[in-house]
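Quick caveat, the model's predicted, so the values are computed rather than measured. Letters A, B, ... mirror the listed sequences (proteins, then strands); counts begin at 1.
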2 protein chains.
Amino acid sequence: MTQSRVLDIGEVAKATGLPASTLRYYEEKDLIRSIGRRGLKRLFDSAVLERLALITLGQQAGFSLDEIGRMFSPDGRPQIDRALLVAKVDDLDRSIRQLSAMRDGLRHAAVCKAPSHMECPTFQRLLRVAGKIRARA
Amino acid sequence: MTQSRVLDIGEVAKATGLPASTLRYYEEKDLIRSIGRRGLKRLFDSAVLERLALITLGQQAGFSLDEIGRMFSPDGRPQIDRALLVAKVDDLDRSIRQLSAMRDGLRHAAVCKAPSHMECPTFQRLLRVAGKIRARA
DNA sequence: ATACAAGTTCAAGTCAACTTGAGGTCAAGA
DNA sequence: TCTTGACCTCAAGTTGACTTGAACTTGTAT
């Protein structure tokens with residue numbers, strides 16, 4: 001088991017790169033919990049660092065803080081609703097495919113010889129794919 | 001060359017699924033252009049549909065409207081700044097890798113037998129990856 | 001003992017990307 | 001001609017995710 005240290009908000013901020021204001025905001029939103037206070041000052045268990053990594057990852061994957069809250073239960077560690085999780089995995093998979101299409105399309109566009117991108121079949125295929133996506137909410 | 005029709009805002013809305021208010025907003029932001037008016041009413045060339053597909057794709061790839069505006073020049077078709085484009089492709093590539101990590105991690109979490117996700121090595125690896133990403137702005 | 005850096009609260013502000021509402025215009029059909 | 005429905009403008013409101021500012025408190029170092 002990793003050894004569990006006590007950190008103040010500044011240390012957490014330094015370790016994660018997140019401003020203290022964000023950490024307070026997350027606590028208010030119940031995404032993280034402080035383990036107590038010394039005087040006024042919040043104290044965090046170093047486990048919060050993993051939790052924050054998870055939150056950041058989720059955000060980068062395009063989930064809202066609310067969704068993330070629901071995905072990784074309000075209690076300590078990520079004990080997750082499986083159905084929700086599977087749904088999210090599917091979302092992600094679709095996103096990844098879209099992004100890959102975009103990446104390939106742009107990569108191609110960067111070297112394409114066609115006079116205008118619109119005349120390039122690769123680019124047109126990209127756009128057709130893009131058009132279909134419409135069903136994502 | 002695809003044949004170019006004239007569409008009113010309602011037709012564009014129907015074709016793309018975007019509300020008219022959004023289309024007006026995009027025009028104001030110079031992301032699209034109407035080709036004229038009939039009375040008060042905007043008229044669009046059907047080429048705007050491709051442009052909108054491109055915008056939507058860009059958004060799904062996580063770019064802001066401003067970035068998209070810069071990526072695909074203010075004039076008609078996407079005549080793109082190559083350096084910017086290459087940078088964007090790199091961004092995308094990183095995003096895709098992150099999303100893939102998240103997807104795999106979540107997929108695993110959905111079936112994992114470990115008592116808590118934090119005790120699962122696969123999940124821990126995911127978090128380590130997530131931690132490193134910090135450098136994305 | 002005192003100063004001070006690092007915390008704290010709470011309300012308000014910001015930004016992107018839209019949406020909504022009020023009130024107005026206009027072309028086409030009955 | 002008159003009505004209607006689809007469009008228009010412009011200002012203000014909304015949501016999510018924070019940030020900022022003012023005023024206050026405290027543990028640690030001198």
State, to 0.1 Å, how close B:Ser95 and A:Leu99 come at their nearest heavy-atom pair, and which atoms those are.
-> CB-CD2, 4.1 Å
Between C1' of D:dC18 and CD1 of A:Ile68, the distance in whole Å | 14 Å
At what distance, to the nearest 0.5 angstrom, does OH of A:Tyr26 lie from CZ of A:Arg51?
-> 12.0 Å
Sort out for me which residue in A:Arg24, A:Lys41, A:Glu27 forms a side chain to side chain donor-acceptor pair (under 3.5 Å) with A:Ser34.
-> A:Glu27
Round to a whole Å and report the spacing from CD of A:Glu28 to C1' of D:dT19.
-> 13 Å
Would you say A:Ser21 reaches D:dT19's phosphate, i.e. side-chain N/O to OP1/OP2 under 4.0 Å?
-> yes
Inspect the contact between B:Lys29 and B:Asp66 and indicate whether a charged nitrogen and a carboxylate oxygen are less than 4.0 angstrom apart.
-> yes
Gap between atom CD1 of A:Ile96 and atom CZ of B:Arg103 - 0.5 Å precision | 4.0 Å
According to a strict under-4.0 Å criterion, is B:Thr22 in side-chain N/O contact with OP1 or OP2 of C:dT19?
-> yes
By nearest-heavy-atom nucleotide on DNA chain D, the more 5' of A:Pro19 and A:Gly39 is A:Pro19
Short N-O contact, A:Asp90 and A:Arg94, less than 4.0 angstrom | no
Rounded distance in Å - CG (B:Leu18) to P (C:dA17) = 14 Å
Expected rows: protein N/O vs nucleotides 6-8 of chain D N/O, under 3.5 Å:
from, atom 1, to, atom 2, distance (Å)
D:dA6, N3, B:Lys41, NZ, 3.4
D:dC7, OP1, B:Asp8, OD1, 3.2
D:dC7, OP1, B:Asp8, OD2, 3.3
D:dC7, OP1, B:Gly10, N, 3.2
D:dC8, OP1, B:Arg42, N, 2.9
D:dC8, OP1, B:Arg42, NH1, 2.8
D:dC8, OP2, B:Arg24, NE, 2.8
D:dC8, OP2, B:Arg24, NH2, 3.0
D:dC8, O5', B:Arg42, NH1, 3.3
D:dC8, O3', B:Arg37, NH1, 3.2

What is the distance from CZ of A:Arg38 to C1' of C:dT8, rounded to the nearest Å?
-> 14 Å
Using a cut-off of under 3.5 Å, enumerate the N/O to N/O pairs linking the protein to nucleotides 15-17 of chain D.
from, atom 1, to, atom 2, distance (Å)
D:dA17, OP1, A:Leu65, N, 3.1
D:dA17, OP2, A:Leu65, N, 3.4

Taken in chain and number order and not counting sequence neighbours, the residues that satisfy salt bridge (charged side-chain N to carboxylate O under 4.0 Å, His left out) with B:Lys14 are none
Under 3.5 Å: donor-acceptor pair, side chain of A:Gln60, backbone of A:Leu57 | no
